[in-house]
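Letters A, B, ... are given to chains in the order of the sequence lines, protein chains preceding strands, and every chain is numbered from 1.
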Protein chains: 2
Amino acid sequence: MLLPFGTGGGNSAIKMLEKITVDIFNDSSQNLLEKKGLKKTKLRLELIQHFKEAKHAQAYSDLKQALVSDVDKSTLYRNLSIFEEVGLIHGINDHTGVTKYALGSEPSSGHGHAHFVCECCETVYCMNGTTELQFEMPHGFKPKNVQTIIKGICANC
Amino acid sequence: MLLPFGTGGGNSAIKMLEKITVDIFNDSSQNLLEKKGLKKTKLRLELIQHFKEAKHAQAYSDLKQALVSDVDKSTLYRNLSIFEEVGLIHGINDHTGVTKYALGSEPSSGHGHAHFVCECCETVYCMNGTTELQFEMPHGFKPKNVQTIIKGICANC
DNA sequence: TATTTAAATGCAACTCTGTTGCATTTGTAA
DNA sequence: TTACAAATGCAACAGAGTTGCATTTAAATA
């Protein structure tokens, strides 16, 4: 499963710099933080590196376990929020109720990309296909973004 | 927004009776419980009635607040699990991290129905259109069920 | 109708996710 | 080197959801 293509574009008021387009999958971690106007701390560099190497979406618990830096819970959560706002990562919600994150920003209109959730090992993978609405919305409902969750059995199970 | 059409079919080992097909939207609450082999307690009857009247998906907190019966947390959660296993309701996970439930069972193959999540009021609505995969799965991945989450602004916001 | 029993409920204690306020530390620009 | 905003750590917290166990209740049986 290939990872999604990402384009910048958060929606908060952190910095104007965040609008700058980056190539999340090719730029260096240093560059990404710089372009987004975020300070290059040890944790953040390690976090981005980890996301780049991750084969599937990461929950807080996965990150806490994988990171060398002994980071505080609040700091890690805060960085996940910031990274998401800034478009470096995107969150995915499966049936387990815990949010998992993967590299790349969420596309923001019409169609979105899909995630595969393994029913067996609960791993979440990003798919590189996109999905589009195949039916009409009821009156008054304005869709902005479509996310598809495919449940099934993954290649490792 | 119309509610989804439901067909029975849980996947646990609670009772063989659960395989019996019911018409969730027309059968009486009494009948539904009976056909599923569940005892007709005051709480369950009220719960089903509430789901029938609900205009959108219900989280634990919504139910706790809406129900006349002063039910314990564990009892309510246990009933939600049972109802879901038995195919009376299905859970939906949006970005808020709390599971919301709506009447009807989740379809179990190929395509699934869609949910609309309002970015403003966080209400979840069931849509009656279905979605299908528009791309090929990577080798080794076996899809069983597709759920679509549409984020946007609802008719009330 | 009274008896019996498995299913359902209530209670208490707990785990885990995620958040917030505030003091301290650190990256970076001047 | 200094200074300041940003980032971190700490502590305390709220809420979702779970589990074991004692008690109660629905409903089948006598």
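Counting to the nearest Å, the P atom of D/dA6 and the CZ atom of A/Arg44 are 11 Å from each other. As rounded to whole Å, 10 Å separates atom P of C/dT9 from atom CG of B/Leu33. One atom, CG of B/Leu80, and another, P of D/dG17, lie 9 Å apart when rounded to the nearest Å. One atom, CD of A/Gln58, and another, C1' of C/dG18, lie 18 Å apart when rounded to the nearest Å. B/Tyr101 has its OH atom 6 Å from the P atom of D/dG17, to the nearest Å. If you take NE2 of B/His95 and C1' of C/dT17, they are 16 Å apart, rounded to a whole angstrom. Distance CZ (A/Phe83) to P (D/dA6): 16 Å, rounded to an integer number of Å. Rounded to whole Å, the distance from CG on B/Asn79 to P on D/dG17 is 15 Å.
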Pairs under 3.5 angstrom, nitrogen or oxygen only, protein versus nucleotides 28-30 of chain D, please.
none

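A/Tyr77 places none of its side-chain heavy atoms less than 4.5 Å from the side chain of A/Thr99. Side chains of A/Leu63 and A/Leu76 form a contact here, defined as non-hydrogen atoms less than 4.5 Å apart. Contact annotation: the side chain of A/Asp70 approaches that of A/Lys64 to within less than 4.5 Å [non-hydrogen atoms, C-beta and beyond]. Two residues are said to be in side-chain contact when any heavy atoms from C-beta on lie closer than 4.5 Å; A/Gln58 and A/His56 meet this criterion. A/Asn145 is not listed as a side-chain neighbour of B/Ile150, based on a closest heavy-atom distance of 4.5 Å or more.
Taking every heavy atom of residues 63-71 of chain A and every atom of DNA chain C, no pair lies under 4.0 Å.
For the 3.5 Å distance criterion, the side chains of A/Thr96 and A/Glu122 fail to qualify, holding no donor opposite an acceptor. In this model, a donor atom of one side chain and an acceptor atom of the other lie less than 3.5 Å apart for A/His115 and A/His90. Side-chain atoms of A/Gln30 and A/Glu34 form no donor-acceptor pair, as typed in the model, at a separation below 3.5 Å.
Summary of helix geometry: the two end axes of the helix from C/dT1-D/dA30 to C/dA30-D/dT1, each defined by five base pairs via their C1' atoms, are inclined to each other by 30° (rounded to 10°).
With respect to the salt-bridge test (charged N to carboxylate O, under 4.0 angstrom), the residues A/Asp27 and A/Lys52 do not qualify.
Take B/Phe83 and apply the ring pair (Phe, Tyr, Trp, His ring centres under 6.0 Å) test, not counting sequence neighbours, and it matches no residue. The ring pair (Phe, Tyr, Trp, His ring centres under 6.0 Å) test applied to A/Phe116 returns B/Phe141, not counting sequence neighbours.
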| query | Going 5' to 3' along nucleotides 19-30 of chain C, which nucleotides have protein heavy atoms under 4.0 Å from the base (write B), which only from the sugar-phosphate (write S), and which from neither (write -)? | reply | BBB-----BS--
| Test side chain to side chain contact (heavy atoms under 4.5 Å, CB included) applied to A/Lys151 and A/His95, step by step | CA-CA 9 Å; A/Lys151 287 191 202 166; A/His95 62 292; 4.0 Å; yes
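Here CD of A/Glu136 is found 11.5 Å from CG of B/Asn128. Values are rounded to the nearest 0.5 Å.
Closest approach to the B/Val98 side chain among D/dA16, C/dG10, D/dT8 is made by D/dA16 (side chain taken as heavy atoms from C-beta onward).
By the criterion of side-chain heavy atoms lying less than 4.5 angstrom apart, applied directly or through intervening Ile, Leu, Val, Met, Phe, Trp or Tyr residues, B/Leu103 is grouped together with B/Leu33 in one hydrophobic cluster.
Taking side-chain N and O atoms only, B/Thr99 has a distance below 4.0 Å to OP1 or OP2 of D/dG17.
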